[in-house]
**Q** 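This structure is in structure tokens; I'll ask about it shortly.
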Amino acid sequence: MFTPFERERTSTVSGTQGTGLGMSITKGILDAMGGRIELRTEEGRGTEFTVRLGLPVAEAPAAQESGGDAGPMDFSRVRILLVEDNAINMEIAVMILGQFGFMVETAENGKIAVERVEAAEPGYYDLLLMDIQMPVMDGYEATRAIRALPDAAKAAVPIVAMTANAFAEDVRAAEEAGMQGHVAKPIDITKLMETITGVLLRHP
């Protein structure tokens with residue numbers, strides 16, 4: 001039920017189409033939030049899904065200083081290029097970032113990311129979230145290629161590793177490749193936002 005699937009072409013009598021990722025994405029989000037999903041099904045009566053989450057009581061958001069003016073940061077004009085080869089991880093990250101107001105574009109591997117940065121106007125992307133283990137070109141190679149671009153403004157775009165490689169040596173490897181931050185998977189939303197905010201404030 002929670003495993004990605006694709007419809008077999010000859011089995012779709014009704015013509016209904018779908019990617020088969022919906023329940024996988026739902027479970028991935030719940031796993032990341034420390035929750036769980038359960039189901040009960042009975043032929044002829046239907047299926048009942050139950051989601052269980054332990055959530056803290058919300059508090060008023062703390063004001064953050066930006067440019068000397070106290071107040072919450074507005075991310076609605078911040079464009080992020082998310083570089084991720086896993087479709088489920090990409091969907092989850094896009095949803096999380098969208099909830100904070102970011103404009104998000106995606107690339108399926110490091111080579112595409114380098115091409116997007118090189119083709120864009122300087123300053124078009126405010127930050128890259130870069131997976132490490134990807135086909136074609138991994139995150140380290142892509143970061144080094146971006147840092148080597150002839151246009152200094154494009155070469156300086158902030159890059160944050162977002163990867164399951166979470167040991168101290170992985171953090172050092174990200175820094176040595178030219179990245180400005182590191183976020184471990186599964187994503188801790190608070191840590192993700194703290195890292196993004198810190199990098200953006202250091203590289204306005």
Side-chain angles (χ1 to χ4, degrees), residues 19 21-37 51-110 112-113 116-117 120-132 134 139 142-143 146 154 156-166 171 174 179-204:
T19 61
L21 294 176
M23 295 308 301
S24 298
I25 292 170
T26 300
K27 188 174 187 305
I29 293 170
L30 288 167
D31 288 346
M33 297 176 70
R36 68 180 188 270
I37 184 169
V51 172
R52 302 184 187 278
L53 280 172
L55 300 174
V57 177
E59 298 179 358
Q64 298 187 24
E65 294 189 1
S66 177
D69 298 323
M73 291 190 69
D74 177 11
F75 298 116
S76 62
R77 295 187 178 182
V78 177
R79 180 177 280 104
I80 290 178
L81 179 61
L82 172 65
V83 191
E84 170 65 68
D85 69 309
N86 182 286
I88 295 175
N89 290 344
M90 181 181 286
E91 289 283 350
I92 293 171
V94 167
M95 184 201 70
I96 292 171
L97 294 167
Q99 289 180 339
F100 285 93
F102 293 104
M103 297 180 287
V104 185
E105 297 183 13
T106 61
E108 294 78 24
N109 60 60
I112 295 174
R116 295 268 173 86
V117 173
E121 292 293 322
Y124 178 78
Y125 293 114
D126 297 288
L127 183 138
L128 273 64
L129 285 176
M130 183 78 74
D131 189 19
I132 298 302
M134 295 181 290
T143 298
I146 290 170
K154 295 179 183 180
V157 61
I159 302 176
V160 172
M162 190 166 69
T163 173
N165 300 346
V171 176
M179 299 183 182
Q180 281 73 42
H182 183 284
V183 176
K185 294 179 184 176
I187 300 171
D188 179 318
I189 297 177
T190 300
K191 174 64 175 176
L192 174 66
M193 291 306 300
E194 286 177 352
T195 302
I196 290 176
T197 301
V199 171
L200 290 174
L201 289 175
R202 293 196 302 271
H203 301 83

**Q** Looking only at non-hydrogen atoms, find the nearest pair between Ile187 and Ala93 and report the distance.
**A**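 That would be CD1-CB, 4.4 Å.
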**Q** If you look at every heavy atom in Ile112 and Asn109, which pair is closest and at what distance?
**A**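 For Ile112 versus Asn109, the nearest heavy atoms are N-OD1, 3.0 Å.
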**Q** Between Val83 and Ile159, does the side-chain contact (heavy atoms from CB on, under 4.5 Å) criterion hold? Intermediate values first, please.
**A** CA-CA 10 Å; Val83 191; Ile159 302 176; over 6 Å; no
**Q** Keeping to residues at least two apart or across chains, list the side-chain hydrogen bond (donor to acceptor under 3.5 Å, both in side chains) pairs with something in residues 80-90.
**A**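 Output for this query lists Glu84-Lys185.
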**Q** Of all residues at least two apart in sequence or in a different chain, which pass the side chain to side chain donor-acceptor pair (under 3.5 Å) check with Lys154?
**A**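 Applying side chain to side chain donor-acceptor pair (under 3.5 Å) to Lys154 gives none.
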**Q** List in chain and number order the residues that pass side chain to side chain donor-acceptor pair (under 3.5 Å) with Ser76, two or more places apart in sequence or in another chain; answer none if no residue qualifies.
**A**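 Side chain to side chain donor-acceptor pair (under 3.5 Å) list for Ser76, sorted by chain: Asp74.
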**Q** Would Met73 and Leu201 count as a side-chain contact (heavy atoms from CB on, under 4.5 Å) here? Give the steps.
**A** CA-CA 10 Å; Met73 291 190 69; Leu201 289 175; 4.0 Å; yes
**Q** How far does CG of Leu53 sit from CD1 of Ile37, to the nearest 0.5 angstrom?
**A**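 Answer for the CG-CD1 pair, Leu53 versus Ile37, is 9.5 Å.
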**Q** Apply side-chain contact (heavy atoms from CB on, under 4.5 Å) to the pair Leu192 and Met162, showing each step before the final yes or no.
**A** CA-CA 9 Å; Leu192 174 66; Met162 190 166 69; 4.1 Å; yes
**Q** Is any side-chain heavy atom of Gln180 less than 4.5 Å from a side-chain heavy atom of Leu127?
**A**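 No. Closest side-chain heavy atoms not under 4.5 Å.
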**Q** Among residues at least two apart in sequence or on other chains, which ones pass side chain to side chain contact (heavy atoms under 4.5 Å, CB included) with Val78?
**A**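 With neighbours one apart ignored, the set is Phe75, Ile80, Phe102, Asp126, Leu200.
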**Q** Among residues at least two apart in sequence or on other chains, which ones pass side chain to side chain donor-acceptor pair (under 3.5 Å) with Glu108?
**A**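 Once residues adjacent in sequence are excluded, Glu108 has no partner under the side chain to side chain donor-acceptor pair (under 3.5 Å) criterion.
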**Q** Please, which pairs that meet ring-ring contact (aromatic ring centres under 6.0 Å, His included) have at least one residue in residues 183-204, sequence neighbours excluded?
**A**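 Pairs touching residues 183-204 that pass the test: none.
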**Q** Residues in side chain to side chain contact (heavy atoms under 4.5 Å, CB included) with Ala161, at least two apart?
**A**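 Only Ile132, Thr163, Ala174, Met179, His182 meet the side chain to side chain contact (heavy atoms under 4.5 Å, CB included) criterion with Ala161.
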**Q** For residues 190-204, which residue pairs qualify under salt bridge (charged side-chain N to carboxylate O under 4.0 Å, His left out), counting only residues two or more places apart or in two chains?
**A**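 Those involving residues 190-204 do not exist here.
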**Q** From Leu129 CG over to Ile196 CD1, what is the distance, rounded to the nearest 0.5 angstrom?
**A**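 So the gap between those two atoms works out to 5.0 Å.
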**Q** Return the set of residues passing side chain to side chain contact (heavy atoms under 4.5 Å, CB included) with Ile189 (not counting sequence neighbours), or none when no residue passes.
**A**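 Scan of Ile189 (side chain to side chain contact (heavy atoms under 4.5 Å, CB included), adjacent residues dropped) gives Ile96, Phe100, Met193.
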**Q** For Asp188, enumerate each residue passing the salt bridge (charged side-chain N to carboxylate O under 4.0 Å, His left out) test, keeping only those at least two apart in sequence or located in another chain.
**A**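 Partners of Asp188 under the salt bridge (charged side-chain N to carboxylate O under 4.0 Å, His left out) test: none.
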**Q** Holding to side chain to side chain contact (heavy atoms under 4.5 Å, CB included), I want the full list of residues that pass it with Arg52, two or more places apart in sequence or in another chain.
**A**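 Residues passing side chain to side chain contact (heavy atoms under 4.5 Å, CB included) with Arg52: Arg36, Glu38, Thr50.
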**Q** Do Val94 and Leu82 have side chains that approach each other closer than 4.5 Å (heavy atoms only, starting at C-beta)?
**A**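 Yes, at least one pair of side-chain atoms sits under 4.5 Å.
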**Q** How far apart are the closest heavy atoms of Ala107 and Met90, and which atoms are they?
**A**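 For Ala107 and Met90, the tightest heavy-atom pair comes out as O-CE, 3.8 Å.
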**Q** What pairs of residues pass the side-chain hydrogen bond (donor to acceptor under 3.5 Å, both in side chains) test when at least one of them lies in residues 91-107, not counting sequence neighbours?
**A**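 For residues 91-107, and leaving out neighbouring residues, the side-chain hydrogen bond (donor to acceptor under 3.5 Å, both in side chains) pairs sorted by first residue read Arg79-Glu105, Glu105-Tyr124, Glu105-Tyr125.
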